[in-house]
Q: 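Got a structure for you, written out below as structure tokens; questions coming shortly.
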Amino acid sequence: SVLGKLTFNHPNDTESASTYYIGNTMSVNWTSSGTVGNVQLQYSSNNGSDGYPYVIYNSTGGQYFNQSHTYSWAIPEGANLTNQIRVKVFSVSNPTTVYAIEPSPTTIKGTLHVDQPAGNEVWNVGDLHYINWTRHGTQMGNVSILYSLNSGSSYPGTLDTQTAVE
């Protein structure tokens, strides 16, 4: 029998060096030749060695896409944070023979947004102040809080912190 073919178009070799952030989108584009049928997207967090175990769901929460498509993948909170992300598109009916893989790995990172202090505050020695932030990326690990005495030119120290429990 004659099998169709999938081609991974975006990200390509030059765009694969890009960094994407949790909560943002990554445009994924593929085309097909011949009859491929529905396809699925999955990704690897270690350059393909793990067998692409993570499913990329479509905009309705399903797993299937048209055989040629562009999809803006909203990178989820729980995505692995690594510089070895690779996306694979494969035919549902012939997954081991009709597939295409992102040519080079991309990077996914989490972000932190400092909510408090807002900036330009003057803090007096001995006063108690709270530092609050919003984390995007559940796999980020611990956070170090550094401080600057010269408007951010250097960060000579780390705060001695206590974690408040709410």
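Every heavy atom of this structure was used, including side-chain atoms; hydrogens, water molecules and symmetry mates were not. Position 1 is the first residue of the sequence, and the numbers go up from there.
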Q: How about I85 and S45: do any of their side-chain heavy atoms sit closer than 4.5 Å?
A: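 Yes, at least one pair of side-chain atoms sits under 4.5 Å.
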Q: What are the two closest non-hydrogen atoms of H136 and M140, and how far apart are they?
A: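 For H136 versus M140, the nearest heavy atoms are O-SD, 3.5 Å.
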Q: Let me confirm one number: the OG1-CD1 distance from T25 to I75, rounded to the nearest 0.5 Å.
A: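 T25 OG1 to I75 CD1: 7.5 Å, rounded to 0.5 Å.
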Q: Between W30 and Y71, does the ring-ring contact (aromatic ring centres under 6.0 Å, His included) criterion hold? Intermediate values first, please.
A: CA-CA 9 Å; W30 64 95; Y71 181 63; 7.6 Å; no
Q: By the rule that ILVMFWY residues connect when side-chain heavy atoms come within less than 4.5 angstrom, directly or transitively, which residues belong alongside F90?
A: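 For the cluster that includes F90, the remaining residues are Y52, Y99, I101.
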Q: State, without any angle test, whether N47 and S49 hold a side-chain donor-acceptor pair at a distance under 3.5 Å.
A: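 Their side chains do not contain a donor-acceptor pair, so the 3.5 Å distance test is not met.
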Q: Is it true that, when you exclude H129 itself, more than 12 heavy atoms of the residues, nucleotides or ligands shown sit nearer than 6.0 Å to its NE2?
A: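 Counting neighbours around NE2 of H129, more than 12 heavy atoms of other residues, nucleotides or ligands fall under 6.0 Å, so yes.
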Q: Any side-chain to backbone donor/acceptor pair from N150 onto S153? Under 3.5 Å, distance only.
A: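 Present.
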Q: Report yes if some heavy atom in the side chain of S44 is under 4.5 Å from a heavy atom in the side chain of Y54; otherwise report no.
A: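 Heavy-atom side-chain distance check fails, nothing below 4.5 Å.
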Q: Counting distance only, does the side-chain N/O of N46 pair as donor-acceptor with the main-chain N or O of Q84 below 3.5 Å?
A: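 No; zero donor-acceptor contacts below 3.5 Å.
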Q: Check the hydrophobic clustering (I, L, V, M, F, W, Y; side-chain heavy atoms under 4.5 Å; chains of links allowed) and say if Y21 and V28 are grouped together.
A: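 As far as the 4.5 Å side-chain criterion goes, V28 and Y21 are not connected within one cluster.
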Q: Can you tell me if H10 uses its side chain to pair, donor with acceptor, with the backbone of S27 under 3.5 Å?
A: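 Side chain of H10 to backbone of S27: a pair is present.
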Q: Whether the N80 and T82 side chains hold a donor-acceptor pair (N or O, under 3.5 Å, no angle test) is what I'd like checked.
A: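 Checked: N80/T82 side chains show no N/O donor-acceptor pair below 3.5 Å.
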Q: Any donor-acceptor pair under 3.5 Å linking the side chain of R86 with the backbone of E102?
A: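 Side chain of R86 to backbone of E102, a donor-acceptor pair under 3.5 Å: yes, one is there.
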Q: State the OG1-CG distance between T19 and N24, to the nearest 0.5 angstrom.
A: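 That separation rounds to 11.5 Å.
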Q: Mark yes or no for whether N66, through its side chain, and H69, through its backbone, hold a donor-acceptor pair below 3.5 Å.
A: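 Such a contact is absent between N66 side chain and H69 backbone.
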Q: Is it true that the side chains of N29 and T70 contain a donor and an acceptor less than 3.5 Å apart?
A: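 On atom types as modelled, these side chains qualify, holding a pair under 3.5 Å.
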Q: Hydrophobic cluster membership, with links at side-chain heavy-atom distances under 4.5 Å among I/L/V/M/F/W/Y: are V36 and V92 in one?
A: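 V36 and V92: separate clusters.
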Q: Which ILVMFWY residues can you reach from Y57 by hopping between side chains whose heavy atoms are under 4.5 Å apart?
A: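 Via sub-4.5 Å side-chain contacts, Y57 links to V55.
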Q: Would a hydrophobic clustering, with Ile, Leu, Val, Met, Phe, Trp and Tyr connected at side-chain separations under 4.5 Å, put Y155 with I131?
A: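 Per the 4.5 Å side-chain linkage, Y155 and I131 are not co-clustered.
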Q: Looking only at side chains, do T31 and N9 share a donor and an acceptor under 3.5 Å apart?
A: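 Yes, a side-chain donor-acceptor pair sits under 3.5 Å.
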Q: For the pair S148 (side chain) and S154 (backbone), establish whether a donor and an acceptor sit closer than 3.5 Å, ignoring hydrogens and angles.
A: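 Side chain of S148 to backbone of S154: a pair is present.
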Q: Just so I know, are the side chains of T111 and K109 near enough to count as touching, which here means a heavy-atom distance under 4.5 Å?
A: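 The answer is no; the side chains never approach within 4.5 Å.
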Q: I'd like to know if the side chain of R135 reaches the main chain of G110, judged simply by a donor and an acceptor atom lying under 3.5 Å from each other, with no hydrogens or angles considered.
A: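 Not confirmed, R135 side chain does not pair with G110 backbone.
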Q: Is there a donor-acceptor contact under 3.5 Å from the side chain of N58 to the main chain of G62?
A: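 It does hold such a pair.
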Q: Can you confirm whether Q67 sits close enough to N38 that some side-chain heavy atom of one is under 4.5 Å from a side-chain heavy atom of the other?
A: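 Of all side-chain heavy-atom pairs linking N38 with Q67, none is under 4.5 Å.
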Q: Do W73 and Y64 belong together in a cluster built from hydrophobic side chains that touch within less than 4.5 Å?
A: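 Each belongs to a different hydrophobic cluster.
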Q: Is there a side-chain contact between P117 and W123 in this structure, where contact means two heavy atoms from C-beta onward sitting under 4.5 Å apart?
A: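 Of all side-chain heavy-atom pairs linking W123 with P117, at least one is under 4.5 Å.
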